[in-house]
Amino acid sequence: MILGPDEEMLDAWAAGLSADSLVVARPLPSQLLTALQQRALQVSYKAAHVGRAQRRLAPEVRSDAIAWVTANHGVDAQWLTWLDALQLGLNRRLFLGLTHHESHYAFYPPGARYQRHRDAFAADGYSNRIVSLVLYLNETWSDTAGGELVVYGDSKGDAEPLKRLAPLPGRLVLFLSADLPHEVLPAQQNRYSLAAWFRGSSAN
Ligand code: OGA
Ligand code: MN
């Protein structure tokens, strides 16, 4: 029975988010990971939008396709339960006041990208995404396949990225949504992932 990340993982992730705003891990039991990898190949994807007030297609900014997760399918329900446990574990440790989350599968065909962006802005009363999550569902990933998640520090300039993270099978990245601008580089092969955002009612 898979419920969520264990206490030790949660301790380490809470410490990592506090210290660096970013955590990289590989936490999923192989049974759940395999089921999610298979599911990612079955869901129906639709072109992703950008913007909040005016949602629009903007393939020059973002050319992935997404499928929202609902509890209607066995493994999707398991994933949402895993996210519930993560939300509770983070709240207990960091007092973030996370109240709910949402999650979607994302599929980037070869050449697709997502330009540098933030998932939330500080003092944004509308979009109160507090913690962002990405879980990579690729079965394999080669060194030359591209598709890295490039994470920048808070500065606006062209400083060197903080991290370049290949979308390795089962890799999980957690970060504070308003803190870290990031982008997805084009890949040579199909790129599958799950993204999730934990929201709180208290936008600062
Ligand atoms: C996003 C995003 C990163 C990734 O969906 O907002 O930044 O590596 N995804 O897929
Ligand atoms: Mn993002």
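Whatever order the structure lists them in is the order used to number ligands and atoms, beginning at 1.
Ring-plane geometry between Trp68 and His104 is classed as perpendicular, the angle between the planes exceeding 60 degrees on a 0 to 90 degree scale with a lower cut at 30.
Not counting sequence neighbours, the partners of Glu183 by the salt bridge (Lys or Arg N to Asp or Glu O under 4.0 Å) test are Arg113. Evaluation of the side-chain hydrogen bond (donor to acceptor under 3.5 Å, both in side chains) rule for Tyr105 yields Asp76 as partners, not counting sequence neighbours.
Here the options are Tyr45, Tyr108, Tyr136, the test is side-chain contact (heavy atoms from CB on, under 4.5 Å), and the partner is Tyr192; only Tyr45 passes.
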I'd like the atom pairs linking ligand 1 to the protein - N or O on both sides, separation under 3.5 Å - with distances to 0.1 Å.
from     : atom 1 : to     : atom 2 : distance (Å)
ligand 1 : 6 (O)  : His117 : NE2    : 3.2
ligand 1 : 6 (O)  : Asp119 : OD1    : 3.3
ligand 1 : 7 (O)  : His117 : NE2    : 3.2
ligand 1 : 7 (O)  : His182 : NE2    : 2.9
ligand 1 : 8 (O)  : Tyr136 : OH     : 2.5
ligand 1 : 8 (O)  : Arg191 : NH2    : 2.7
ligand 1 : 10 (O) : Arg191 : NH1    : 2.9

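Distances under 2.8 Å from the Mn ion (ligand 2) pick out the protein N/O/S atoms His117 NE2, Asp119 OD1, His182 NE2.
For the pair Leu98/Arg199, no side-chain contact is recorded, criterion being any heavy-atom separation below 4.5 Å from C-beta on. The shortest side-chain heavy-atom distance between Trp82 and Pro27 falls under the 4.5 Å cut-off. Side-chain atoms of Arg171 and Trp141, non-hydrogen and from C-beta on, never get closer than 4.5 Å to each other.
Side-chain contact check for Ser21 and Asp179: at least one donor-acceptor pair (N or O, by modelled atom type) lies under 3.5 Å.
Checked against a 6.0 Å centroid threshold, the rings of His182 and Tyr114 do not count as neighbours.
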